[in-house]
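Numbers restart at 1 for each chain; the letters A, B, ... are given by sequence-line order, proteins then strands.
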Amino acid sequence: MATILETHGLSMEFRGFRALDGVDLRVEGGTVHAIIGPNGAGKTTLFNLLSGLLRPTRGRMLFEGRDVTGLPPHEIARRGIARSFQITSVFPHLTVLDNVRLALGARTRLGYAFWLPERVLARFDEEASAILASVGLADQRHRPASALAYGQKRVLEIGLALALHPTLLLLDEPTAGLSLEEIARVVDPIRRVARERTVVLVEHNMGVVAALSQRITVLQRGRVLAEGTYEELRAHPAVIEAYLGGAA
Amino acid sequence: MRSRAAGWGLLLAVGLALPWLIYPVLAVDILAWGLFAAAFDILLGCTGLLSFGHAAFFGTGAYAAAVVALRLGVAFPWDAVAGAVAAALLALPLMALSIRRTGISFAMITLAFAQMVFYVANAWRSLTGGENGITGVPRGEVLGWSLSPAVAYYYAAFPLVALGLLLCWRIVRSPFGRVLLAIRENEVRTQSLGYPVSRYKLIATVLSCALSGLAGGVWVLNHGFVALDAVHWTTSGTVVVMVLLGGMATRLGPLVGAALVMLLRDFLSRWTDAWGIATGTIFIAVILVFRQGIVGTLEGLVAGRGGPAAAPAAPPVEEAASGLR
């Protein structure tokens, strides 16, 4: 399997604080690659770099063999990297359907059409309905996103990322704050979408990590501590001490 | 469907009857300020950008229309359209710089640019007449009809303003307007979806400024006179008050707000010079009762009774203000 994403010596400093320090990462195409690590390890910073919200202070990022270091977020999204956010980040006053339509429209130039009536957006309805059905929100389509339950918002968040048809999907703690029952409802769609694309997953729930990912990178204080399969890492002394040990 | 047609008919009827209900010069002022407020709301209500320098574009439109009408003999409606073009040309560089900031910084930068425009207008006497302004701007004629009578000018300005308003309303309810709403709701997320947010903001601001310039053009021909108050910061403040009073992100809110402020100003200035205090007090009272403006709150009440689904509402005033980081 070819490498779809690599980082070389990726570093991010905030006023002298090193959030990321020389991270080398290789993500193989078609896999689910989990990033784990204690709070403050730099997981979300890594995502903000990969999605272009931050520019690295040092290092390079290659996506599908091409340098994407320092590209703005919209350019990165167009290259095929979509992300979801750890803190739910949907459009609260728009309906669920409009949320997904917006994501679908992002791949077209229709958004510039200030002279057309908004009913032309109905061309996205069929695909939007399919996406909403696949994440279990079909019956919520006409409610404003702010009226959804927390778990439903998390799922809509994933639906928005899916609507971009990304080759690489970055999921930032998709199960954060969910009940066990809701976690099951999120894991299934993720497993389904992972069949067709590569997923990089930041996750605290070890059950979810074990169930979904083929490869795991452990971050600690901005550095890569270890990398391997779930089984390998479970036996890794440094990981046990730094992370799994503390949790057990 | 029938009630919608009735609504449009009523609006048209009020528009056509207006110069017989109040004196025609005031009626044109309401048209011009209504268009200005609607254009301003493309930024404030729809995109979530508070420009505190829109007087620069309204005023530039007014000066440009006055200059081309007086010196080049350009006829109506092309003199007013020249105002729109001039405002758009000014907006392009100023707004390209301003939109690099959001929230209160955006408001401050636009205010600073507007103050620069004010001082340029004051200093460039050969073009603007400085403190004396430009007087004797002719209205000319359209299709052989003299526009000198105020009523005639009203009916000439009415279709032009109506076109401008229809464009404002279309922009807000277009695929483009949807992206602007998304930017208002969640700028980072919009960008992460793949929308080049800065380009969208630039297009939105230039459209808004061009339509503000058109409003300025219509306004200056109404009075035949323009002076520095057109580019003064209080003009920027007035349009903010109009939109908040009528209701952000509503179709009729800016019109209602503009009409209310103009009528109040006209009525109160007969009795006192301190009409500003009275208008301000009424503004505070209305915002306390109608938190989403008059039209916004009424629409909310109708929607609450199972009426047709309203367009995505603007957040109440304090929520909008808290977003001005």
Side-chain angles (χ1 to χ4, degrees), chain A residues 47-48 50-53 72-85 87-95 98-124 142-146 157 160-161 163-166 170 172, chain B residues 39 42 45-48 163 166-208 210-211 248-249 292 296 300 303 308-316 319-320 323:
Chain A
F47 263 29
N48 285 341
L50 292 178
S51 56
L53 291 178
H74 61 90
E75 198 52 54
I76 294 220
R78 298 219 157 171
R79 301 270 174 113
I81 304 180
R83 75 169 288 181
S84 75
F85 286 78
I87 296 160
T88 305
S89 184
V90 294
F91 303 103
H93 290 94
L94 302 184
T95 65
D98 278 333
N99 268 269
V100 181
R101 277 171 163 180
L102 261 173
L104 288 169
R107 291 187 305 144
T108 71
R109 299 181 66 80
L110 193 62
Y112 290 113
F114 61 81
W115 56 90
L116 292 179
E118 61 189 354
R119 63 171 175 274
V120 299
L121 292 171
R123 72 173 68 164
F124 297 125
H142 294 301
R143 296 181 73 195
S146 58
E157 176 80 39
L160 288 186
L164 301 176
H165 294 267
L170 308 174
D172 196 353
Chain B
I42 294 173
C46 190
T47 322
L163 277 177
L166 288 174
L167 182 57
C168 289
W169 293 335
R170 170 47 60 80
I171 289 168
V172 170
R173 282 147 205 266
S174 68
F176 179 72
R178 281 287 147 152
V179 180
L180 298 186
L181 279 178
I183 293 171
R184 181 191 87 188
E185 300 263 292
N186 194 336
E187 185 167 339
V188 171
R189 185 53 154 151
T190 311
Q191 203 171 17
S192 293
L193 290 181
Y195 290 103
V197 165
S198 307
R199 203 178 304 162
Y200 276 88
K201 281 186 180 173
L202 185 62
I203 297 171
T205 47
V206 170
L207 285 169
S208 167
L211 286 157
M248 286 187 286
Q292 291 169 316
E319 199 182 313

* Can you tell which part of S51(A) gets under 4.5 Å to a heavy atom of chain B, answering side chain, backbone, both or neither? => neither

* Atom OG1 of T47(B) and atom CD1 of I171(B): how far apart are they, to the nearest 0.5 Å? -> 10.0 Å

* Structure fact -> Of A106(A), G52(A), A77(A), the largest count of non-hydrogen pairs under 4.5 angstrom with chain B goes to A106(A)

* So, the side chain of T95(A) versus the backbone of H142(A): is there a donor-acceptor pair under 3.5 Å, distance only? -> no

* Select, from G105(A), P144(A), P72(A), the one with the greatest count of heavy-atom pairs under 4.5 Å involving chain B. => G105(A)

* Under 4.5 Å heavy-atom distance to chain B, tell me which part of L164(A) shows up: side chain, backbone, both or neither. => side chain

* Structure fact -> Comparing L121(A), L160(A), L102(A), N99(A) against chain B, the one with the most heavy-atom pairs below 4.5 Å turns out to be L102(A)

* Asked: Using 30° and 60° as the class limits, which term best fits the ring planes of F114(A) and F176(B): parallel, tilted or perpendicular?
  -> perpendicular

* Side chain from CB out, backbone as N, CA, C, O: work out which of these in A103(A) comes under 4.5 Å of a heavy atom of chain B, or both, or neither. => both

* Could you tell me whether the side chain of S84(A) and the main chain of D172(A) form a donor-acceptor pair under 3.5 Å? => yes

* **Donor-acceptor pair, side chain of S208(B) and main chain of A204(B), under 3.5 angstrom** => no

* Counting only N and O atoms by type, is there a donor-acceptor contact under 3.5 Å from the side chain of R189(B) to the main-chain atoms of V90(A)? -> no

* **Option that, when pairs with chain A are counted at under 4.5 Å, heavy atom only, ranks first among N186(B), V179(B), L207(B)** => N186(B)

* Using non-hydrogen atoms only, which part of L53(A) is less than 4.5 Å away from chain B: side chain, backbone, both, or neither? -> side chain

* To do: Flag the pair R184(B) / M248(B) as yes when at least one side-chain heavy-atom distance between them is below 4.5 Å, and no otherwise.
  => no

* Below 4.5 Å from any heavy atom of chain B, which atoms of L116(A) appear? Answer side chain, backbone, both or neither. => both

